[in-house]
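Report on one structure; see the data block that follows.
Here is how names work: the chains are called A, B, and so on, in the same order as the sequence lines, proteins then strands, and each is numbered from 1.
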Amino acid sequence: MLHIGGARTALFNWLYARHTGGKFILRIEDTDQARNTQEAVDVIFRGMRWLGLDWDEGPDGKGGTAGDRGPYFQSQRADIYRSYLEKLKATGRTYEDGGALKFKMPKTPGVVRDLVCGEVTFDRTMEPDLVVQRKDGSPVFHFVNVVDDLEMGITHVIRGEDHLTNTHKHIALYEALGAAPPQFAHIPLILNRGGSKMSKRDEGAALGFYEEAGYLPAALRNYLCLLGWSPGENQEILPIAELIQRFDLPHINRSNARFDGDKLFWMNGEYWRSLSEAEFRKFADDYLQRTRPKISQMDPALLQRLLPLIREKVRTGREMAEWLDPYLGSEYDYSDEAKKKQLNTPEAAKWLNSLSTAFGALAGTWDDAAVEGACKKVAEEAGAKPAKVIHLVRAAVSGRTVGPSLFGLLTALGRETTLARLERTQKELAAGRLVAA
RNA sequence: GGCCCUAUCGUCUAGCUGGUUAGGACACGGCCCUCUCAAGGCCGGUGCACGGGUUCGAGUCCCGUUAGGGCUACCA
């Protein structure tokens, strides 16, 4: 999976590169053989693309490569690591211990000049030496990381704060190799609701979770920016161009931030409503195609009538799909609440009867006003408030107690379908199948 | 345990070099609107972790305590 924290780190790097006119490089650190699968790499490509983070150098995700400092997979850079290992050995600052190769850590204070954290000094008098090559001959992460950043001409490393205390070791390695270290910026971590580091097992820890739930990438991207960074001036909803223009390192916070799903949900709603009709249609088509295979059997015209009504009531793709479910076929379930509150009432059968008659009499015109008139007439004759009748109709035609505004819904469904659905409910009711569990 | 980082409403944050009725957003509560649900409008409560300093004056600077997080692998 692509971890939400990793995605946020990638986003900050991307924003910084775009803000400064630099290059954003994607490198796949696939040295863990057990977890290194094509599938795992594809998840990264997909997630990056979904979030809109295009990279200037790295694997293109289709088997090709962009940039001339590759290969961009660590698993393919063994020769490079070997030669750097020789280079390091030649400095005389390494020694063998138990079959492994160790780098002698300097005993001088380790100073990290960080673009976010400022100057942080580590006392190394007690610092153990660093293993750079394992007994089995493979180089360790800290070493390959330094080599790759060096070889790839990396100027800025923006990474999670969990690396801050390792950075002085990296700097020591750069110095031993006679190279100037890049600039570092350590950004605060994303915490779960409980306040500890977001782990794989936390709900919403995977970027894919948001795609599946039908969130808008732009909304998540915007939300993620605000975790540990603020443009000030009380602005929160920022279009991507403005994000790029305003993003900078000095305004990054030093303290960790909890992930607040509620706020993301709200923000998604903001983006959801600001989508143009065409954008929304494209999103809805894609999402429904993927999550509701049955959609292809639905009358496209009906779908197009329903979608705008549903859109204004919900804020994610998943909600949209669920609201659409009752209309995907002629079969639909009745919720317990609908049964209990609306259908299982003394007057339900009688009212449904009147409604069928009233709607049936609407021969020529079938629009919001006509439907509303019919509902009100039935309510008046029954001596009830229109709301009561309206709720009953919604339950009867959708099996739900919540849904789009009723008159618009019935108009969208059409007279025939509405009547068929009323009839279905009447039959179910008569057969005693609408008793709440 | 050692080392490093952090500490403003429940949450995300604004608060640049000390003087604010400590601002915004989410969430929450109330009211309005209302056919449910949303959306929208109005109103509201809640906060500078604690203790010492420095100073005429501290959310802002210093120290300590406490709390949280991270690192401390022949993991990445």
Side-chain angles (χ1 to χ4, degrees), chain A residues 6 29-32 34-36 74 97-102 110 112 114 116-118 120-128 130-145 160-169 186 188-191 193-197 223 225-237 250-251 253-267 269-270 272-273 309-315 319 323 337-338 341-342 372 375-376 379 385-395 398 400-409:
Chain A
E29 308 202 323
D30 56 349
T31 54
D32 185 336
R35 288 181 293 176
N36 182 19
Q74 286 185 334
D97 180 24
L101 189 70
K102 284 189 171 178
V112 177
D114 191 276
V116 171
C117 303
V120 185
T121 305
F122 297 84
D123 175 14
R124 291 155 156 172
T125 49
M126 291 290 137
E127 190 69 34
L130 182 71
V131 171
V132 289
Q133 184 183 34
R134 301 185 188 89
K135 192 185 200 166
D136 67 6
S138 62
V140 304
F141 164 77
H142 296 296
F143 182 73
V144 300
N145 210 266
E161 198 196 43
D162 47 348
H163 284 297
L164 180 61
T165 45
N166 285 144
T167 300
H168 73 89
K169 302 174 196 173
H186 287 89
L189 268 19
I190 296 182
L191 272 23
R193 270 179 201 280
S196 52
K197 190 174 167 179
Y223 176 71
C225 284
L226 266 22
L227 244 32
W229 175 78
S230 165
E233 297 172 28
N234 294 334
Q235 272 201 66
E236 298 202 299
I237 306 285
H251 283 95
N253 287 155
R254 306 259 255 125
S255 51
N256 297 338
R258 292 187 202 209
F259 192 92
D260 182 358
D262 285 341
K263 185 147 185 176
L264 168 62
F265 187 57
W266 164 79
M267 190 167 280
E270 296 293 304
W272 181 268
R273 281 187 296 280
L309 301 176
I310 290 177
R311 176 186 175 181
E312 62 178 12
K313 301 293 184 175
V314 301
R315 19 184 168 175
E319 283 187 318
W323 278 49
E337 204 185 351
K341 282 197 179 157
Q342 306 301 339
E372 180 173 0
C375 286
K376 292 209 162 136
K385 283 187 176 174
K388 299 288 257 178
V389 173
I390 287 166
H391 292 153
L392 173 64
V393 177
R394 176 177 288 109
S398 71
R400 311 288 176 91
T401 54
V402 297
S405 299
L406 189 79
F407 309 134
L409 173 64

(request) Evaluate the ring planes of A:Phe259 and A:Tyr223, with Trp represented by its six-membered ring, and classify them as parallel (under 30°), tilted (30 to 60°) or perpendicular (over 60°). (result)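 Answer is perpendicular, since the angle exceeds 60°.
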(message) Can you tell me how far apart CZ (A:Arg311) and CH2 (A:Trp272) are? Round to the nearest 0.5 Å.
(response)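 Reported to 0.5 Å precision, the distance equals 7.5 Å.
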(request) Answer yes when A:Glu319 and A:Arg315 have at least one side-chain N-carboxylate O distance shorter than 4.0 Å, and no when they do not. (result)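 Not counted as a salt bridge, because no side-chain N and carboxylate O are separated by less than 4.0 Å.
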What is the distance, to the nearest angstrom, from the [atom1] atom on [X] to the [atom2] atom on [N]?
X        : N     : atom1 : atom2 : value
A:His168 : B:C5  : NE2   : C1'   : 14 Å
A:Met267 : B:U13 : CE    : P     : 12 Å
A:Asp123 : B:C5  : CG    : C1'   : 17 Å
A:Arg193 : B:C12 : CZ    : P     : 11 Å
A:Glu233 : B:A14 : CD    : P     : 12 Å
A:Leu191 : B:C5  : CG    : C1'   : 13 Å
A:Glu161 : B:C3  : CD    : P     : 18 Å
A:Arg254 : B:G69 : CZ    : C1'   : 13 Å

(request) Start with the C-alpha gap between A:Ser255 and A:Asn253, add the side-chain angles, then the distance that decides, and say whether side-chain hydrogen bond (donor to acceptor under 3.5 Å, both in side chains) holds. (result) CA-CA 6 Å; A:Ser255 51; A:Asn253 287 155; 5.2 Å; no
Non-hydrogen side-chain atoms of [X] and [Y] separated by less than 4.5 Å:
X        : Y        : result
A:Phe143 : A:Gln133 : no
A:Arg394 : A:Gln342 : no
A:Asp162 : A:Lys197 : yes

(message) I'd like to know if the side chain of A:Arg258 reaches the main chain of A:Arg193, judged simply by a donor and an acceptor atom lying under 3.5 Å from each other, with no hydrogens or angles considered.
(response)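 Flag set: sc A:Arg258 to bb A:Arg193 pair under 3.5 Å.
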(request) Using modelled atom types only, decide if a donor and an acceptor are shared between the side chain of A:Trp323 and the backbone of A:Val402 within a distance under 3.5 Å. (result)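 Checking the backbone N and O of A:Val402 against the side chain of A:Trp323, no donor-acceptor pair under 3.5 Å is found.
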(request) Taking only the side-chain nitrogens and oxygens of A:Asn253, find out if one of them lies under 4.0 Å from OP1 or OP2 of B:U13. (result)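 It does, given that an N or O in the side chain of A:Asn253 lies less than 4.0 Å from OP1 or OP2 of B:U13.
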Inter-nucleotide [atom1] distance ([N], [M]), Å rounded:
N     : M     : atom1 : result
B:G57 : B:G70 : P     : 40 Å
B:A22 : B:G64 : C1'   : 26 Å
B:G59 : B:U6  : C1'   : 16 Å
B:U54 : B:U60 : P     : 15 Å
B:G51 : B:A14 : C1'   : 27 Å
B:A25 : B:A39 : P     : 15 Å
B:C71 : B:A76 : C1'   : 14 Å
B:C56 : B:G18 : P     : 15 Å

Partner nucleotide, any strand, of [N] [Watson-Crick/G-U, under 3.5 Å]:
N     : result
B:C33 : none
B:U65 : B:A49
B:G1  : B:U72
B:A27 : none

Categorize [X] for me: base, sugar-phosphate, or nothing, with a 4.0 angstrom heavy-atom threshold over every strand shown.
X        : result
A:His186 : nothing
A:Phe141 : base
A:Ala100 : base
A:Lys135 : base
A:Gly99  : nothing
A:Ser255 : sugar-phosphate

(message) Counting only side-chain heavy atoms from C-beta out, which of B:G70, B:U6, B:C4 sits nearest to A:Asp162?
(response)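 When the side chain of A:Asp162 is considered, B:G70 is the closest of B:G70, B:U6, B:C4.
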(request) For nucleotides 23-41 of chain B, just jot down a letter per nucleotide in 5' to 3' order: B, S or -, based on protein non-hydrogen atoms under 4.0 Å. (result) BBBS--------BBBBS--
(request) Between A:Glu127 and A:His163, just flag the one whose closest nucleotide in RNA chain B comes earlier from the 5' side. (result)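 Mapping each residue to its closest nucleotide by heavy atoms, the 5'-most match is A:Glu127.
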(message) Here's a test of your reading of the structure: between A:Lys169 and A:Leu164, which maps to the more 5' nucleotide of RNA chain B?
(response)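 Result: A:Leu164.
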